[in-house]
Amino acid sequence: QVQLVESGGGLVQAGGSLRLSCAASGRTFSRYAMGWFRQAPGKEREFVAWISNSGGSTYYADSVKARFTISRDSANNTVYLQMNSLKSEDTAVYYCARTILAQVAVRRYNYNDWGQGTQVTVSS
């Protein structure tokens with residue numbers, strides 16, 4: 001079982017940037033693709049971004065494309081989400097998750113392990 005711990009959330013003004021980190025335990029980090037999801041109050045948890053196990057492929061939700069960048073550092077067992085040009089509608093709790101699937105995975109049920117989440121609040 002892997003432990004995922006997110007950090008880097010906070011309060012930022014619209015147009016600003018934040019970088020989220022997700023630290024994974026264990027020695028199998030590089031075997032698995034990873035994803036970021038978010039959940040706003042009263043809404044379903046939604047897909048944000050996916051990265052392959054090697055980091056060579058990425059995929060984004062249309063709502064964040066060209067503003068967010070997912071990356072990973074296998075030496076440090078960490079996946080990142082760089083968020084630029086933030087909007088008030090990006091306000092949510094952000095979760096990282098691990099999937100055993102090798103291909104692009106955008107459904108919540110595609111992921112087996114989840115972090116506890118980190119709050120991102122964008123003020124307008």
Side-chain angles (χ1 to χ4, degrees):
Q1 192 77 3
V2 66
Q3 284 190 318
L4 302 173
V5 179
E6 300 96 335
S7 61
L11 174 64
V12 63
Q13 288 189 330
S17 298
L18 280 176
R19 188 176 80 155
L20 306 183
S21 300
C22 172
S25 65
R27 296 182 291 177
T28 61
F29 177 74
S30 62
R31 296 183 190 175
Y32 300 98
M34 301 289 293
W36 284 96
F37 284 71
R38 66 186 181 186
Q39 188 165 16
K43 294 190 176 181
E44 296 287 321
R45 193 171 299 188
E46 65 174 3
F47 169 78
V48 174
W50 169 93
I51 188 166
S52 63
N53 67 314
S54 68
S57 296
T58 58
Y59 185 81
Y60 298 91
D62 287 343
S63 58
V64 306
K65 204 172 293 183
R67 298 190 298 123
F68 290 10
T69 303
I70 188 171
S71 62
R72 64 191 298 161
D73 179 351
S74 291
N76 291 302
N77 280 15
T78 302
V79 62
Y80 301 99
L81 186 68
Q82 177 67 43
M83 305 186 295
N84 298 329
S85 303
L86 283 161
K87 306 175 182 179
S88 57
E89 52 262 44
D90 295 319
T91 295
V93 177
Y94 283 71
Y95 300 88
C96 72
R98 187 180 79 165
T99 177
I100 62 172
L101 300 177
Q103 66 269 30
V104 174
V106 302
R107 302 297 183 188
R108 184 175 175 176
Y109 58 76
N110 292 147
Y111 292 78
N112 308 94
D113 301 290
W114 294 83
Q116 83 290 347
T118 185
Q119 176 71 47
V120 171
T121 303
V122 184
S123 63
S124 56

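Just so we're clear, the structure is a prediction, and the values are computed from it rather than from any experiment.
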Exercise. Is it true that atom CG of L11 has more than 12 heavy atoms of other residues, nucleotides or ligands lying nearer than 6.0 Å?
Worked result: yes
Exercise. Would you say K43 has more than 12 foreign heavy atoms packed within less than 6.0 Å of its NZ?
Worked result: no
Problem set entry | Residue pairs passing the side chain to side chain donor-acceptor pair (under 3.5 Å) test where at least one lies in residues 68-79, sequence neighbours excluded |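 For residues 68-79: D73-N76.
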From [X] [atom1] over to [Y] [atom2], what is the distance, rounded to the nearest 0.5 angstrom?
| X | Y | atom1 | atom2 | answer |
| --- | --- | --- | --- | --- |
| I100 | N53 | CD1 | CG | 13.0 Å |
| R98 | Q1 | CZ | CD | 7.5 Å |
| Q119 | Q39 | CD | CD | 11.0 Å |
| L4 | D113 | CG | CG | 6.0 Å |

Taking a hydrophobic cluster as the set of Ile, Leu, Val, Met, Phe, Trp and Tyr residues connected by side-chain heavy atoms closer than 4.5 Å, whether directly or through intermediates, do [X] and [Y] fall within one such cluster?
| X | Y | value |
| --- | --- | --- |
| F68 | F47 | no |
| V12 | L81 | yes |
| L86 | I70 | yes |

For this session: Would you mind telling me which of Y111, W50, Y94 makes a side chain to side chain contact (heavy atoms under 4.5 Å, CB included) with F37?
Result: Y111
Side-chain donor-acceptor distances from residues 29-36 under 3.5 Å, at least two apart:
unit_1	atom_1	unit_2	atom_2	d
W36	NE1	Y80	O	3.4

Exercise. Quick one: does W114's side chain get under 4.5 Å of R108's, heavy atoms only?
Worked result: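 Yes, close enough: below the 4.5 Å cut-off.
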For this session: Mark yes or no for whether E6, through its side chain, and Q116, through its backbone, hold a donor-acceptor pair below 3.5 Å.
Result: yes
Exercise. Can any side-chain N or O of T91 pair as donor or acceptor with the backbone N or O of V122 at less than 3.5 Å?
Worked result: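 Yes, because the side chain of T91 sits within donor-acceptor range (under 3.5 Å) of the backbone of V122.
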Exercise. Should D90 and M83 be marked as a side chain to side chain contact (heavy atoms under 4.5 Å, CB included) after you check the CA-CA gap, both sets of side-chain angles, and the distance that decides it?
Worked result: CA-CA 9 Å; D90 295 319; M83 305 186 295; over 6 Å; no
Table please: side-chain donor-acceptor pairs of residues 13-26 below 3.5 Å, with sequence neighbours left out.
unit_1	atom_1	unit_2	atom_2	d
S17	OG	N84	OD1	2.9
S25	OG	Q3	N	2.8

